[in-house]
Amino acid sequence: MFGRTKKKKTHENPHIAKLIEIVGEKEVLHEQGDLLSYDCDGFTVHKSMPKAVVFPKNTEDVSAIVRYCAANDIPFLARGAGTGLSGGAIPLNNEVIISLVKMKHLLSVDYENRQAVVQPGFVNLKLTNSISDKGYYYAPDPSSQYVCTIGGNVAENAGGAHCLKYGVTTNHILGLEVVLPNGEVIEIAEDGVPDSPGYDLMGLLTGSEGTLGIVTKITVRILKNPEGKQTVLAYFDRVEDGSRAVSDIISAGIVPAALEMMDETAIEGVEAGAYPVGHPDDIEALLLIEVDGITAGLEEQIQQILKVCKARNVREVKVAESEEERGRWWANRKTGFGAMGAISPDYLVQDGVIPRSTLPEVLKNISDISKESGLRIANIFHAGDGNLHPLILFDSRIPGETEKALKAGTACLKACADVGGSITGEHGVGIEKKEEMRFIFSDEELEAQLRIREVFNPDDLLNKGKLFPTPSRCMDVKKIVKDTVAVK
């Protein structure tokens, strides 16, 4: 018995056996119990089980997995940390999930040219932490930055509190390595030179929500830490005064690094959460405003901000007196979404964009939607660039409340679209808002976008059923007509 060689186990499912052959048995999950954690992302209203979850460790693994899936007509999708809020990583079609969390390395840093190269599973905040001792940071800062991955940020074109001044993910991407849906590997803007001639493929892929390719390497822009920062906290008795102060600050010629707003319900949530700071419980709104840059010019900006707030009937306005106080204010804001769990069993996060000037009107409309639905709606959002996040609070244990919350979410997005806004600013569309794409695009515009997808993903095996309305548009009708004519 001591000389007997252990026979290698062959899985009865040939597809699972092949995936194990590509990456190793420990890197493939296929048992029902192991797959339960992958039936949804941060959009928990809808759930669906994958066929398997595979953990590649490099680009070659990803390419081999994709080639096999494509050759065998097996649907597949990529997944990062699963923090997405629009259902973009939910396996609607029993997909093989290609989890990129083990591709988590910082490959290189070039301080002279202010760029870094990371794998897609590298956590957003970890990049800043890795280069902060040299005086640098990575600007895009989603609220989930302590856990979300940069690959996922690229897929959704994620934003964050400081995108008002510094822009969203696409403004900080210098190059991509991508595995196409047939398994081919391409380099876009190799060596971090983004403005090469030809079509802007990098811009097209950033924000494509995992429907055109799988990103396996990212070259990002890193920034030098600003010389100074100052942060203001302002309390308003009326939400209308707070929202008008937002436009007044920008109109005064100030471009803050961040300009955040929370209403009364949101304040109740964060004060019941992990990082309370003692906000008054009888105000309708607060603004968290941060300016940064050359220290000599910051005080003048702060005085202008204080003047604007006082002109809009601010109850109290104060400037952070220390880095510790500033850190507490931001911790309170950054955990805002999760803190809603302290005041509601369930919540649905929406993500619309509006012109700043329409903020009072749209917030009034959202208040009316709350009253009509009978559900509380908390507003916690990036006010400076008009990126709203209505959080619809509900209890899924009560029959009909989930449907009511979804209907209220659609109404909030319609309110944004009606004033010339958009149905998403940073969370993406996924499955959550795909029907609402019709609020802002015509059938012809949707058809043009779908034709682009068909160039990259002609067999529709990669992340099928995401981003666009279903049943699909007139293009499907045209295809049926064309096929019918061809048969005749």
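Residue pairs meeting the ring pair (Phe, Tyr, Trp, His ring centres under 6.0 Å) criterion with at least one member in residues 371-416, sequence neighbours excluded, are F337-H389, H382-H389, H389-H427. The list of ring pair (Phe, Tyr, Trp, His ring centres under 6.0 Å) pairs with a residue in residues 275-324, not counting sequence neighbours, reads Y235-H279.
In summary, the side chains of E299 and Q303 do present a donor paired with an acceptor at a separation below 3.5 Å, with no hydrogens or angles considered. Between the side chains of N313 and D237, no donor-acceptor pair of N or O atoms lies under 3.5 Å. Between the side chains of N124 and D141, not a single donor N or O lies within less than 3.5 Å of an accepting N or O. Between the side chains of T216 and E177, a donor-acceptor pair is found at a separation under 3.5 Å. No side-chain donor from either of N157 and T169 sits under 3.5 Å from a side-chain acceptor of the other. With 3.5 Å as the limit, one finds a donor-acceptor pair spanning the side chains of N93 and E95. No hydrogens or angles considered: a donor-acceptor pair under 3.5 Å links the side chains of H162 and E290.
For the pair D39 (side chain) and K47 (backbone), a donor-acceptor distance under 3.5 Å is absent.
Note that CG of L77 is 5.5 Å distant from NZ of K466, once rounded to the nearest 0.5 Å.
The shortest distance between side-chain heavy atoms of I250 and I254 does not fall below 4.5 Å. At a threshold of 4.5 Å between non-hydrogen side-chain atoms, the residues V96 and P75 do not count as touching. Residues V246 and L287 are in side-chain contact: their nearest non-hydrogen atoms beyond the backbone lie under 4.5 Å apart. Contact check for V353 versus T424: no side-chain heavy atoms found under the 4.5 Å cut-off.
Relative to the ring axis of F55, K102 places its NZ or CZ within 45° and under 6.0 Å from the centre.
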### Task
With side-chain contact (heavy atoms from CB on, under 4.5 Å) as the test, would you mind laying out the steps for V319 and T231 before giving the verdict?
CA-CA 6 Å; V319 181; T231 308; over 6 Å; no
### Task
I would like to know whether D110 and R114 meet salt bridge (Lys or Arg N to Asp or Glu O under 4.0 Å); could you show each step before the answer?
CA-CA 6 Å; D110 180 350; R114 298 193 177 187; over 6 Å; no
### Task
Kindly determine whether T410 and E436 satisfy side-chain hydrogen bond (donor to acceptor under 3.5 Å, both in side chains), including the steps that lead there.
CA-CA 7 Å; T410 295; E436 285 79 6; 2.6 Å; yes
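Each of N332, I267, V270, I380 was scored for a side-chain contact (heavy atoms from CB on, under 4.5 Å) with L286, with one residue passing: I267.
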